[in-house]
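These notes concern the structure reproduced below.
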Amino acid sequence: IDVGGTLPSLVLKNEKGEDVDTASLTAEKGAVLFLVPKADTPGCTAQACGFRDVWQEFGALNYDVYCLSADSSTAQTKWQTKKQLPYQLLSDPQRALISALGAADGNKTKRSHFVFEKGGKLVDKKIPVKPADSSRLALEFIKELGN
């Protein structure tokens, strides 16, 4: 998906094992999807905690945050509890959405993030991105959109 493209409709599981239609993520608000190679590893934790620490700022700008990885829902739940992550984690073991976003690298996932506006249009993407920079860059981009 290139900038200007639309978030595809795929059904993935969240960390609770519930079905989530990805197209519904941008029905009411914009969405930031950040992709991690593996839950509960140092770089991924730095990236996830970065989003956790500014999560309310995204909410104030009418954006929801989602973490996308190929990990199982069970692994994601453990990580979410351990690090008190306030957003949904989406499990994509087949890398269907990860591939559609252009972030699949063989059987790995490229650390990245994607900003979709309300309605599902992709307005920004960063592949690859440094763990410590991801949340700040996404937040700065969204703030610029509003100006």
Side-chain angles (χ1 to χ4, degrees), residues 1-41 43-73 75-76 79-80 83 85-147:
I1 303 171
D2 292 317
V3 170
T6 305
L7 180 62
S9 176
L10 295 165
V11 177
L12 302 177
K13 300 265 188 224
N14 67 10
E15 77 285 354
K16 296 181 187 103
E18 301 163 338
D19 286 348
V20 175
D21 179 353
T22 56
S24 71
L25 302 181
T26 55
E28 305 290 322
K29 296 179 174 184
V32 178
L33 270 63
F34 73 92
L35 281 60
V36 298
K38 188 160 177 55
D40 208 11
T41 55
C44 301
T45 296
Q47 187 181 14
C49 290
F51 277 98
R52 177 196 66 196
D53 296 345
V54 293
W55 175 69
Q56 288 175 308
E57 290 186 60
F58 285 102
L61 295 164
N62 212 27
Y63 276 77
D64 282 329
V65 172
Y66 300 90
C67 176
L68 177 65
S69 78
D71 297 290
S72 68
S73 299
Q76 290 179 337
W79 189 39
Q80 184 182 50
K83 296 297 177 186
L85 306 177
Y87 40 76
Q88 284 191 68
L89 285 76
L90 302 175
S91 174
D92 186 9
Q94 304 301 315
R95 290 191 168 81
L97 183 55
I98 293 167
S99 296
L101 293 170
D105 183 10
N107 60 354
K108 294 189 176 137
T109 302
K110 295 178 188 171
R111 185 182 318 284
S112 51
H113 70 247
F114 299 81
V115 179
F116 291 92
E117 63 184 17
K118 182 180 168 184
K121 185 169 114 182
L122 181 62
V123 289
D124 187 42
K125 68 177 179 178
K126 292 274 179 282
I127 311 175
V129 69
K130 290 184 178 149
D133 296 344
S134 190
S135 58
R136 178 181 54 79
L137 292 172
L139 192 60
E140 285 172 3
F141 180 84
I142 292 167
K143 285 179 175 173
E144 288 296 312
L145 274 182
N147 291 340

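Throughout, residue positions are numbered sequentially from 1 according to the sequence presented.
Within 6.0 Å of NZ on K29 lie more than 12 heavy atoms contributed by other residues, nucleotides or ligands. Atom CD of E140 has more than 12 neighbouring heavy atoms from other residues, nucleotides or ligands inside a 6.0 Å radius.
No side-chain donor-acceptor contact under 3.5 Å links N14 to the backbone of Q88. Looking only at distances, no side-chain donor or acceptor of T26 sits under 3.5 Å from a matching main-chain atom of A31. Checking side-chain atoms of S91 against main-chain N and O of D71 turns up a donor-acceptor pair under 3.5 Å. Between the side chain of K126 and the backbone N or O of A138 there is no donor-acceptor pair closer than 3.5 Å. A donor-acceptor pair under 3.5 Å links the side-chain atoms of R95 to the main chain of N107, judged by distance alone.
Taken from OG in S134 to CG in L139, the straight-line distance is 11.0 Å, to the nearest 0.5 Å. The distance from the CG atom of D124 to the CD1 atom of I142 is 8.5 Å, given to the nearest 0.5 Å.
T45 and W79 share a side-chain donor-acceptor pair at under 3.5 Å.
Classification of D40 and K83 as a salt-bridged pair fails, no side-chain N sitting under 4.0 Å from a carboxylate O. With respect to the salt-bridge test (charged N to carboxylate O, under 4.0 angstrom), the residues D105 and K110 do not qualify.
With L68 as reference, L101 is the one residue of L101, T22, L89, V36 to meet the side chain to side chain contact (heavy atoms under 4.5 Å, CB included) rule.
What you find for L10 and A96 is that their closest heavy atoms are CD1-C, 4.0 Å.
Between Y87 and F34, the distance from one ring center to the other falls under 6.0 angstrom.
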